[in-house]
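Here is how names work: the chains are called A, B, and so on, in the same order as the sequence lines, proteins then strands, and each is numbered from 1.
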Amino acid sequence: MDKLLKDLNESQKEAVLATEGPVMAIAGAGSGKTRVLTRRMAHLIFNLGVPAHRILAITFTNKAANEMKTRVAKLLGISTSQMWVSTFHSMCARILREHIDLLGYDRRFQIIDDDDVTQMVKVILKQLNIDPKMVKPKMLKTHVLNVKADPSLIDDYDEPLRGYLNHVFPAYQKQLKNSNLVDFEDLLVLTIELLKKYPEIKKQYHGLFQYVMVDEFQDTNNVQYDLIRLLVNEQNNVFIVGDEDQSIYAFRGANIDNIRKFERNFPKVKRILLEQNYRSTNTILKASNDVIRGNRNRIEKNLFSTQGEGEPVTFFKGYTYRDETEYVAEMIRELVFRHNYQYEEIAVLYRANATSRAFEDTFMQKHIPYQVVGNTSFFKRKEIKDIVAYLRLILNPNDSYSLTRIVNEPRRGIGAKTIERLSIFADKEQDSLFEAISLPNSPLGKAPLSKLKTFRDLILSLKEKLDVMEFNDFIDELLVRTGYREMLRYDDMGDVRYENIMELKTMIQETKKSIEDADKIDVLTYVLEEIALKSAEDEKKETNVVTLMTLHAAKGLEFKAVFIVACEQGMFPLYRSMESPKDLEEERRLMYVGMTRAMERLYLTNCRQRQLYGETQMHQDSMFLSEININHLKLEGLNKAVSREHTPSKKRRLLTPKSTLETVDNDLSKGDRINHTAFGRGVVISVSGDQCVIAFAKEHGIKTLLKNHKAIKKV
DNA sequence: AGGCAAGGGGTTTTT
DNA sequence: CCCCTTGCCT
């Protein structure tokens, strides 16, 4: 017992031992949250004798789930395979595999990702004769999924979007069901439907889950919240960990108010604050606190560190982006060669993916090994999605979506028109595309029909092969028989693509090993589910290289040295978030998350002049920089030059441009509509430096004005 | 059906 | 500026 507790502080112990009733742990950055979760689980199992499979622990990513499993396994030396430690989505998939037939789906349903949803929405728009220029499929997809999560939202939409949703959503849902597919939202929504409709099933899970734990609670959305409430039994043994200051996923529905909602719904909740930080130096922590303090709507925390004061936070300002990238490269070399850092202990973080490019160029030139995390996920690659589509169609010929994807990949002379005609025919006959191929009275011409029949025979014969072949051989057979292998030979990227498919093969083989199931179809179903729910984070990581990634991707990680780059108004915070206070607060939390990733050294960099969309723009310092107390900062680059020439009071002004109140931050760019107190409405023609050219109505004409004059206001 | 040129648009993103 | 999509032409 002591072993599980001895290296914990008082609050951590309290969180581990408070097993009964609702508990909420507010866990500041670096406060040992994962440690608490794993110890708590070990305590339940080892000291209280709770069977491991009767604890439900929900995380946000597979990575977090795996980490928790590994750590519990290591603490207790037990197998974790039966444990319910998983993401919301895999938990739901596991429940639905048991019971989804009650909702009219087949238990061998397949899971599609957001790109697939977009594709389907696009096709439906076409079928409904809606001009895709009117609504972008990608944007409509977001709304379709929102409405699925909360049908009452449809009333909030205005025409024409509302009309589109009213047509597209039911058609989309019908197609999914016909193809026996579910999207990520369905996983949650259908599980809720199941638990609500079938009290005996709810009872079954209430009996099973004696203890429920939820990690990263600040990032739950409303559907996930409802799901947790449904799964917690009358004992109310629910433990949530979160930190509202680290909530950075509001843009996809995360609702910070769920923390407060939790307190209302579980009035007897015990609240524990984890305030001791084990990660960062005090200086880094103080600077981070300076920034997050700017947010109004939060519970004040008092994070403290035992890691000593450490180095000041460096703020480097360059003239051009080249200065900035070279400075970062230089500092990395210094850290590695002078301070004995490993490359893998260093991260470069940015707000938008596009920023990585300039750094990649410089790092390449300067021979700094690096990796860019999370651009195109392995599973989103075309060749992987194609092979998955083949496998899905073989498993379920009624999966018309998968059929559409690969019927002409490689080219079989089956064009869009043929598929369109087949689609209409299938619709009329109330059958899937696959079955419609062999129906009598086909309206299709002889030639296209015979091509389709050849394709149908190919799929059927592969299905037979699946039963008698090993998976490895089967994939090879599939590649050859479908002509995919041959197609890759004429592809510039063919070698890489083939390698990726071989990688997929290995993964199938490994997943297969981890389950013992006699039925091949069940095995393949499971393997495909794993693939659907997995993501980039599970890809093999390179060793000892500098990591470049977005601030979002950095969540939950830590590095000895962190560079947050492009700290400029417009870049970070982003232009678009500066208009709404709510969005701006989320940007600030993002800055906070980024800063608190650093253990020893934190560098904030930017440049005055940045090339953006082919134009040179003059940028101001990010407002977040001016929020940091100057005592925690060491100024470098342009800052330093200025500070040497001027008096200390001037130096302060550099960091707090707001003190000169005659100007405002008008983040104008070409095309923006503005309002001028004297000249009225106008449109920005160009921006250069602190000047801009604006076209006003006839009586005023075109004028060149100071960009940041307070008379100008963006509308 | 397929290849090339012009055009639009360019947060963040796990599952 | 650069990438991806679209549309037109062959």
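For the side-chain contact (heavy atoms from CB on, under 4.5 Å) criterion with A:Asp183, the lone passing option out of A:Asp116, A:Leu145, A:Val189 is A:Leu145.
The distance between atom CG of A:Leu349 and atom P of B:dT13, rounded to the nearest whole Å, is 12 Å. Note: NZ (A:Lys451) to P (B:dA1) measures 7 Å, nearest angstrom. Here the P atom of nucleotide B:dT13 and the CD atom of A:Glu185 are 19 Å apart, to the nearest Å. For A:Gln246 and B:dT12, the CD to C1' distance is 16 Å, given to the nearest whole Å. Rounded to whole Å, the distance from CG on A:Asp115 to C1' on C:dT5 is 15 Å. Atom CG of A:Leu612 is separated from atom P of B:dG10 by 13 Å (rounded to the nearest Å). The distance from atom CG of A:Asn66 to atom C1' of B:dT14 is 14 Å, rounded to the nearest whole Å. Taking atom CD of A:Glu615 as the reference point, atom C1' of C:dC2 lies 14 Å away to the nearest angstrom.
Side-chain to base pairing of A:Arg252 with B:dT14: one donor and one acceptor N or O lie within less than 3.5 Å of each other. With hydrogens and angles ignored, a donor-acceptor pair under 3.5 angstrom links the side chain of A:Arg351 to the base of B:dT12.
Relative to the side chain of A:Asn408, the nucleotides B:dT14, B:dT12, B:dG2 differ in distance, and B:dG2 lies closest. Here the side chain of A:Ala352 is nearest to one of C:dT6, C:dC3, B:dT12, namely B:dT12. Between B:dT13, B:dT11, B:dT15, one nucleotide has an atom nearer to the side chain of A:Thr87 than all others, and that is B:dT15. When each of B:dG2, B:dT15, B:dT11 is scored by its nearest atom to the side-chain atoms of A:Arg411, the top-ranked nucleotide is B:dG2. Of the candidates B:dT15, B:dT13, B:dG10, the closest approach to any side-chain atom of A:Asn353 belongs to B:dT13. Here B:dT11 is the nucleotide among B:dT13, B:dT11, B:dT15 with the atom lying nearest to any side-chain atom of A:Arg576. Of the listed nucleotides (B:dT11, B:dG10, B:dG2), B:dG10 has the atom at the smallest distance from the side chain of A:Lys136.
Between A:Phe624 and A:Phe572, the ring planes lie perpendicular to each other; the angle is over 60°, past the 30° to 60° tilted range. Ring pair A:Tyr249/A:Phe251 is tilted by interplanar angle, where 30° to 60° counts as tilted.
By the 4.0 Å N-to-carboxylate-O rule, A:Lys63 lies too far from A:Glu67 to be salt-bridged with it. Under 4.0 Å is where a charged nitrogen must lie from a carboxylate oxygen, and between A:Glu360 and A:Arg357 no such pair does.
Residue A:Ile112 is classed as having no contact, given no heavy-atom separation below 4.0 Å to the nucleic acid.
Between A:Phe184 and B:dT14, no base-stacking contact is recorded for ring centres under 5.5 Å apart and planes less than 30° from parallel.
Where A:Leu574 and A:Lys417 each meet DNA chain B at their nearest nucleotide, the meeting point lying more 5' is that of A:Lys417. Comparing A:Ile248 and A:Asp114, the nucleotide of DNA chain B nearest to each residue sits closer to the 5' end for A:Ile248.
C:dC3 and B:dT12 have their P atoms separated by 15 Å, with the value rounded to a whole Å. Rounded to whole Å, the separation between the P atoms of C:dC4 and B:dT11 comes to 15 Å.
In summary, the side chains of A:Thr616 and A:Gln609 do not present any donor paired with an acceptor at a separation below 3.5 Å, with no hydrogens or angles considered.
The glycosidic torsion of B:dT12 lies more than 90° away from 0, placing the base in the anti range.
Close to B:dT15, at under 4.0 Å from its OP1 or OP2, lies a side-chain N or O of A:Asn62. One finds a side-chain N or O of A:Lys122 lying less than 4.0 angstrom from the OP1 or OP2 phosphate oxygen of C:dT6. Look at A:Thr550 and you'll find a side-chain N or O under 4.0 angstrom from OP1 or OP2 of B:dT13.
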Evaluation steps, salt bridge (charged side-chain N to carboxylate O under 4.0 Å, His left out), between A:Asp245 and A:Arg298
CA-CA 7 Å; A:Asp245 292 336; A:Arg298 65 185 282 266; 2.8 Å; yes
